[in-house]
There are 2 protein chains.
Amino acid sequence: MSPQRRTGLGTNQEAIRRHNLGTLLRHVHGAGQMSRAELTSLMGLNRSTIAGLVGELESLGISERATPPEGARQGAGRPSAGVRIAEDGPYVIAVDLGVDRAVVARVGLGGRVLQRAQAPVHSHGEAWQVGASVAALIRTVVEDAPITAALVGIGISVPGLVRRSDGLIRLAPNLEWHDVSFGGIVLAALGLDVPVSLANDADLGALAEHTRGAAVDTDELIYVSGNVGVGAGVITGGHRLEGAGGYAGEIGHLRFNPNGRPCHCGNRGCWETEVGAHAIAEAINCPPDKVAQLDEILDGFDKPSPALRATGTALGQGLASIVNLFNPQMVVLGGYFRSLYTLVGAEVNAGLADHALPAPLESVTLALPGLGSDSPLLGAAEIALEPLFVDPVAALGAALVDVRGRLAG
Amino acid sequence: MSPQRRTGLGTNQEAIRRHNLGTLLRHVHGAGQMSRAELTSLMGLNRSTIAGLVGELESLGISERATPPEGARQGAGRPSAGVRIAEDGPYVIAVDLGVDRAVVARVGLGGRVLQRAQAPVHSHGEAWQVGASVAALIRTVVEDAPITAALVGIGISVPGLVRRSDGLIRLAPNLEWHDVSFGGIVLAALGLDVPVSLANDADLGALAEHTRGAAVDTDELIYVSGNVGVGAGVITGGHRLEGAGGYAGEIGHLRFNPNGRPCHCGNRGCWETEVGAHAIAEAINCPPDKVAQLDEILDGFDKPSPALRATGTALGQGLASIVNLFNPQMVVLGGYFRSLYTLVGAEVNAGLADHALPAPLESVTLALPGLGSDSPLLGAAEIALEPLFVDPVAALGAALVDVRGRLAG
DNA sequence: AGAATTTGTTGTGCGAGTCACGGGAGCGAC
DNA sequence: GTCGCTCCCGTGACTCGCACAACAAATTCT
């Protein structure tokens, strides 16, 4: 969260520098590489100011000077030097906790996945067991990190409700977890003390798609995630919509059909009972223990069955409610909705067009994730990197160097 | 909209001053009067900086020095001088366009209603006719304004969909308007050229309740407005949720009962068909032409009928979907929902508790508007005042002095 | 090859907030 | 009543960040 959203505080010169340095880094992070001239026009600051900021970033070891990038201006004039994320710069650990597997990656600024590992996770496993597996994956992934590179933090994507204030997992239905302090568990298993951020997988999917996926330059977007549960991550005004407790986006339990099937939440006919993984599995006669691989199974289809087409219509109709409520510019369909939309896109579009109001409908686009199924993972990297954009100097000061040594000791 | 939300730009010193001056004014505006010491601790700036800012505000004629306010610190020590909104300071015109009447007020900083007038409006009247009535009311209300006081702008609350980019009224079902540039119509009728801002009534209700109503210090709130249509204004992270086009918050057409009554939007069983004014009027045998006064009629009841109780349950159940989606800290029930909640609050609460998820439910409070039925009007004043908080000097420079003279000439 | 264009570099200046000091205004104790 | 305490105001020197201007450097165009 950028400090600018804290309303009411004044700004002093120290804050300017922090903000400008962080904003510059955010730009370089977003584009991977840019020229100083681009930065000058993007940020609206003087050339010499940009030069000073870039110099500070270089002296921090975050960025390095590069030859002018490819897509640079054509024409006369001295070419502008490039600013590029440093090879041995700071990095974060991203964890995508799925229902049946955990993916862990070491991710550098610019969103580059430097190392990656994954392992199956016992469904309904105890939290400490899962924590131990994740810790082991983290050890693997940190193996080849340069000894000088600093670990800024760990970001974890969770399929469930995460409390914003402290990252407690309030409820992860498909892991059968309840009030689990998973961040603490992982840190304890590692024996490290670094900042850990947890958030809902759909929220992080939205964040990643906004930063470097299908929704770059789109400040109003919703990432609808079909995992075993159905959830949404909302970005509005370029910021995550979190809600008071951090639970915003629970679209799975929208009232859809009051005479429908009972839902595990206690109501009847929640949207999830129509478009959730179990409903779809039933529609395609998929055995219940394969529900976690629903996306792959759907990818195997080449022609949709009538039942699947009905599901597509229900998906579109539910999306209509969401479009009416949030008036997004883009809706990204993640998880198995990606596969489903590929199959029955026409039905989804029709359901949406029939049930949404004309005004919000005209400005919305349905899209597939630009990052494939990595969106939540890269979103986890983004929240872990966030402190660097708020205050690069402070975040780097708090970061951990020689992680391998510390893990060994 | 505070400039801080524009991400990506750098900050220079000029922007600091603008921001600090605007933020200081926003604080004084919110509290009406405060001491410099309070401002110092609120804004986290140095005493002398605050003194400089306050001095600038005074020299602009916006604020004036006052004796220490009542609620000041008790005990030893020199009392801190007060900062108070100036009597003859800048003001705005706020317009609340209802289905059957228009209310116009002259509102000063601090939210003080200085003058007020209203007139019935012909339902289904032509836009230019309504514009002429509103212009006449504005002339009345400007009558006694000090000749030195500056008019900063006009804010208009509209019962319909307003396009964010240019304030065009895309659709106001109950006025039967369609793509009406009402701001231009009013300005033409006045023969003035001042900034005009238009927004949806529920959005403005939320804004006003957030600034000086029931939801002060609540950064996640939803104002649910029952007028002839049902809409919502959402504030999240302290900012209005507008959506891509400005149409966010259309909760009236949430899918509620797919086998229900047909809705004018083309679907069946939208929430509005269950809790909208026409549904309630039917439930209490109120003649259709009195629908606009539904709140007063409901206030006349002392015992709710079973039909009304069922409506209360439906209201609560629909609110549950909203609470699940937005995870607000407070839901304010405006319009006739205020009267309805007073009658059948128990049913509303029960419907909400039954259908909302536990996590979002535990942090939400239902509340009545702290500003009564004036919320949209005062919200209209707030958007018109907004430029003053972004850049007081510029906004005052663009403001109009001697309005009466200009209107006469 | 020279002009035109665009950018990097350097030094100067302005402006905004901070800091430190002296003075002022109430409160409370003796 | 006076003194001390506490908190605040007001003023001037100080620091730091950005803007500006002039010059140097690196290309492209003619």
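Order of the sequence lines sets the chain letters (A, B, ...), proteins ahead of strands, with each chain counted from 1.
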Q.
For a side chain to side chain donor-acceptor pair (under 3.5 Å) check, start with the C-alpha distance between A/D219 and A/H210, then their side-chain angles and the critical distance, and finish with the verdict.
A. CA-CA 8 Å; A/D219 272 358; A/H210 178 241; 3.2 Å; yes
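- Within residues 50-61 of chain A, no residue places a heavy atom under 4.0 Å from DNA chain D.
- In the set D/dC9, C/dA4, C/dG8, the nucleotide with an atom closest to the side chain of A/S80 is C/dG8.
- Residue B/Q13 places a side-chain atom within donor-acceptor reach of the base of D/dG17, judged by atom type and a 3.5 Å distance cut-off alone.
- Considering only side-chain atoms of A/N46, the nucleotide from D/dA19, C/dG26, C/dT6 that sits closest is D/dA19.
- The environment of A/R163 atom CZ is dense: over 12 non-hydrogen atoms of other residues, nucleotides or ligands sit within 6.0 angstrom.
- Residue A/N12 places none of its side-chain N or O atoms closer than 4.0 Å to OP1 or OP2 of C/dA16.
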Q: Carefully, step by step, assess B/T218 and B/Q329 under the rule side chain to side chain donor-acceptor pair (under 3.5 Å).
A: CA-CA 7 Å; B/T218 302; B/Q329 197 178 336; 4.5 Å; no
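- Residue B/R47 is in base contact, counting any heavy-atom pair closer than 4.0 Å across all strands shown.
- Residues B/S59 and B/E56 bring no donor and acceptor atom of their side chains to less than 3.5 Å of each other.
- Here B/R36 reaches the OP1 or OP2 of D/dC9: one of its side-chain N or O atoms lies under 4.0 Å away.
- Within a 6.0 Å radius of CD in A/E58, other residues, nucleotides and ligands contribute more than 12 heavy atoms.
- Positionally, the nearest nucleotide of DNA chain D for A/I16 lies more toward the 5' end than for the other of A/G77 and A/I16.
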(Q) side chain to side chain donor-acceptor pair (under 3.5 Å), that's the test. Do B/R84 and B/Q33 meet it? Break it down for me. (A) CA-CA 5 Å; B/R84 178 178 53 191; B/Q33 171 165 6; 5.0 Å; no
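- Residue contacts for A/S48: at a heavy-atom cut-off of 4.0 Å it reaches a base atom on one of the strands shown.
- Summarising the geometry, the separation between CZ on B/R65 and C1' on C/dA25 is reported as 12 Å, rounded to the nearest angstrom.
- The backbone N or O of A/G110 sits less than 3.5 Å from a side-chain atom of A/R212, completing a donor-acceptor pair.
- Nearest nucleotide to the side chain of B/R17, out of D/dA19, D/dG17, C/dG17: C/dG17.
- Between A/N20 and D/dC18 there is a side-chain N or O to OP1 or OP2 distance below 4.0 Å.
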